[in-house]
Amino acid sequence: MLAEFFLPPVCLGCRRLVRTPAALPLCSRCAAEIVPLDPAARRVGDIEACFAYEGPLAQAALRLKFSGEIELAGPLGRLLAAAPLWREGWDRVVPAPLHAWRALLRGYNQAALLAGWAVRAAPGGPRLD
């Protein structure tokens, strides 16, 4: 409770304060822009997505990856852990590695951060390798 006073939840899309903490902290304006994909269109080969890569989620992913806003990894990782694909009984999660120079320049691997938060958000789910 004290942490929420000093670090109140902020919308992933527009960075405005969010009144109530939620699994996906979005204000009402940004939440209306989220485009869930039709279940029939979610999977292409071995790749699955739950949301279209646009709007506030795409902005948050880009800010995590390129702007160093690693605090976005928690909410985005929890969103990943809530995806139907996550509950299909996977044993392990292996984040995509970064090239050594990219890792050195960026200072972190966004895929590893997302995977770590997703694994913590879904106890009893897949293990992080």
Side-chain angles (χ1 to χ4, degrees):
M1 186 165 145
L2 189 57
E4 288 178 14
F5 177 75
F6 288 109
L7 301 168
V10 177
C11 177
L12 290 178
C14 64
R15 299 181 181 155
R16 293 176 192 233
L17 289 177
V18 179
R19 290 182 186 197
T20 57
L24 183 60
L26 289 170
C27 67
S28 57
R29 184 173 37 170
C30 289
E33 294 181 34
I34 300 297
V35 180
L37 293 175
D38 179 47
R42 285 184 178 178
R43 189 174 287 213
V44 177
D46 291 335
I47 299 172
E48 183 167 336
C50 294
F51 299 96
Y53 188 68
E54 58 187 43
L57 289 180
Q59 293 167 7
L62 289 171
R63 290 194 335 255
L64 167 65
K65 187 173 181 179
F66 297 114
S67 297
E69 296 184 36
I70 60 174
E71 66 275 5
L72 296 172
L76 291 172
R78 288 189 294 274
L79 179 65
L80 177 63
L85 177 67
W86 199 262
R87 294 184 294 275
E88 287 188 7
W90 301 103
D91 294 329
R92 297 168 196 247
V93 175
V94 180
L98 278 179
H99 185 277
W101 282 109
R102 290 252 166 127
L104 184 64
L105 290 173
R106 193 171 292 158
Y108 61 95
N109 179 342
Q110 72 281 352
L113 291 173
L114 287 171
W117 277 100
V119 165
R120 281 188 290 258
R127 196 177 80 194
L128 181 62
D129 276 347

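Along the sequence shown, residues carry numbers from 1. No hydrogens, no waters, no symmetry mates; every other heavy atom, side chains included, goes into these values.
For the atom pair NZ of Lys65 and CZ of Arg102, the computed distance is 7.5 Å after rounding to the nearest 0.5 Å. A distance of 10.0 Å separates CG of Leu114 from CG of Leu79, quoted to the nearest 0.5 Å. Going from atom CG of Leu12 over to atom CD of Glu69 covers 10.0 Å, rounded to the nearest 0.5 Å. Summarising the geometry, atom CD belonging to Gln59 is positioned 11.0 Å from atom OG belonging to Ser67; distances are rounded to the nearest 0.5 Å.
Pro75 and Glu71 get closest at one heavy-atom pair: CD-O, 3.3 Å. Residues Arg42 and Leu37 approach most closely at NE-O, 3.3 Å, considering heavy atoms. Among all heavy-atom pairs drawn from Leu128 and Ala115, the shortest one is CD1-CB, 3.6 Å. Considering all non-hydrogen atoms of both residues, Arg106 and Phe66 come closest at NH2-CE2, 3.6 Å. The two atoms that bring Gly13 and Pro56 nearest to each other are CA-CB, 3.6 Å, heavy atoms only.
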Which is it for Tyr53 and Leu62 under the side-chain contact (heavy atoms from CB on, under 4.5 Å) test, yes or no, and what are the steps along the way? CA-CA 10 Å; Tyr53 188 68; Leu62 289 171; 3.4 Å; yes
I'd like to know whether Leu57 forms a side-chain contact (heavy atoms from CB on, under 4.5 Å) with Leu76, so could you lay out the CA-CA distance, the side-chain angles of the two residues, the decisive distance to 0.1 Å, and finally the verdict. CA-CA 8 Å; Leu57 289 180; Leu76 291 172; 4.1 Å; yes
Identify each donor-acceptor pair in which a side-chain atom of residues 91-99 lies under 3.5 Å from a protein atom, sequence neighbours left out, and give them as a table.
unit_1	atom_1	unit_2	atom_2	d
Arg92	NH1	Asp129	OD2	2.7
His99	ND1	Trp101	N	3.0

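Remark: the backbone N or O of Gly74 is not paired with any side-chain donor or acceptor of Arg120 at under 3.5 angstrom.
Leu26 and Trp117 are not part of a single hydrophobic cluster, where members link through side-chain heavy atoms under 4.5 Å apart.
Contact annotation: the side chain of Glu33 never approaches that of Glu54 to less than 4.5 Å [non-hydrogen atoms, C-beta and beyond].
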